[in-house]
Amino acid sequence: MDIDTGRIADFARRIRKDIVEMVYLAKDGHPGPALSITDIVATLYDSVLRIDPGNPRWDGRDRLILSKGHSCTAVYSALARKGYFSPSILPELRALGSILQGHPVMDKTPGIDMTSGSLGNGLSIGVGMALASAYTKKGFDVFVITGDGELQEGIVWEGALSAAKYRLGRLIVFVDRNGWQSGSTCDEVGGRCPILPRFEAFGWHCQEIDGHDIRAIASAVEAARKETGRPSAIIADTVKGKGVPFMENDNSWHKRVPTKEQYEEAMSVLSERAT
Ligand SMILES: [Mg+2]
């Protein structure tokens, strides 16, 4: 895949600034888990997804389901910067009546393919969409971004079994393996259970990558798209809060609002360096 890593890195930095600013202005939101998926989101929207921002409901478009819906600021920023709606709307995050609710709502926000927030549902919904792609012969791919914590939900594995049974080669699932969930580490809450062997046992094509390496993200998608007879899991190692040093791996930033000083520090750091 021909990609411009410099352009995507700039896009990711723009998204990170939007995430911090949206949460700061809204005085509510989830910066840590949005920052961990930012490089994946930037790569998908820049170079991977076959989409038309001028026609959000084009029925041949690739679908993206953000199963970890609380990370929606990353996707809202990407959608705005791609032209689905004006970036001037971003400060309306979580406002009453806004198109940018605290979790994604498909009938409110142009470019949002699925309502989410109730954790665990995204992969199973992706199975339905990938079946539709096969049955209608429209040939679109279905991408799901799931957290590692939500893999504790049983419906994930019902979906994983169905996806393999129906040989859903157009289903590509990113697991944002940041090691944390709302309450603590995933291991502490749910017990240690390696992710890749689980997907492999269900018959999936599996890859492990650095979820902040843009070229690795694009290459993994390319390999997944070549797997036409089975679903793909891309297990991406990420850092919660990535890009803002005082938020990195500090789980208090799962849902927390920066002070004015912290906001200014974050924006300064994100302006200075590539992430
Ligand atoms: Mg997590």
Side-chain angles (χ1 to χ4, degrees), residues 12 15-16 19-20 22-23 28-44 64-78 102-104 114 116-126 143-157 159-160 172-199 202 204 206-213 216-217 220 232-258 275:
I15 291 172
R16 287 191 162 94
I19 290 167
V20 173
M22 291 169 82
V23 172
D28 202 359
H30 299 79
L35 291 165
S36 73
I37 63 167
T38 295
D39 297 299
I40 296 167
V41 168
T43 306
L44 290 178
L64 175 69
I65 301 168
L66 181 66
S67 190
K68 42 174 290 180
H70 55 289
S71 309
C72 55
T73 46
V75 173
Y76 290 164
S77 166
H103 293 75
M114 188 64 220
S116 60
S118 183
L119 293 167
N121 292 337
L123 190 148
S124 284
I125 294 165
F143 292 84
V144 178
I145 300 175
T146 178
D148 46 2
E150 64 175 311
L151 298 184
Q152 294 154 2
E153 301 280 355
I155 192 173
V156 173
W157 302 103
I172 300 173
V173 174
F174 277 93
V175 178
D176 175 41
R177 186 164 62 184
N178 60 30
W180 294 95
Q181 57 192 98
S182 175
S184 184
T185 64
C186 299
D187 286 354
E188 187 178 352
V189 175
R192 288 184 66 85
C193 187
I195 295 171
L196 187 144
R198 263 187 281 171
F199 276 99
F202 278 76
W204 285 52
C206 296
Q207 302 173 79
E208 282 180 311
I209 63 166
D210 174 349
H212 301 303
D213 181 335
I217 295 165
S232 278
I234 301 171
I235 296 139
D237 284 319
T238 60
V239 175
K240 202 163 179 176
K242 175 71 176 176
V244 180
F246 63 84
M247 293 186 186
E248 289 184 357
N249 265 324
D250 178 349
N251 205 40
S252 72
W253 290 100
H254 177 83
K255 186 174 191 288
R256 180 175 166 186
V257 180
T275 51

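Just so you know, ligand 1 is whichever comes first in the structure, and atom 1 is the first atom listed for that ligand. Just so you know, these numbers come straight off a predicted model, no measurement behind them.
- Looking at Asp148, its side chain does come within 3.5 Å of a backbone N or O of Gly179 through a donor-acceptor pair.
- Arg16 places a side-chain N or O within donor-acceptor distance of the main-chain N or O of Lys242, the cut-off being under 3.5 Å.
- Distance alone, capped at 3.5 Å, is enough to place a donor-acceptor pair between the Ser36 side chain and the Pro33 backbone.
- Listed for the Trp204 side chain is no donor-acceptor partner under 3.5 Å among the backbone atoms of Leu196.
- The stretch residues 176-192 participates, sequence neighbours left out, in these salt bridge (Lys or Arg N to Asp or Glu O under 4.0 Å) pairs: Lys68-Asp176, Arg177-Glu208, Arg177-Asp237, Asp187-Arg192.
- Tally of protein N, O or S atoms closer to the Mg ion (ligand 1) than 2.8 Å: 3.
- Checking side-chain atoms of Thr43 against main-chain N and O of Asp39 turns up a donor-acceptor pair under 3.5 Å.
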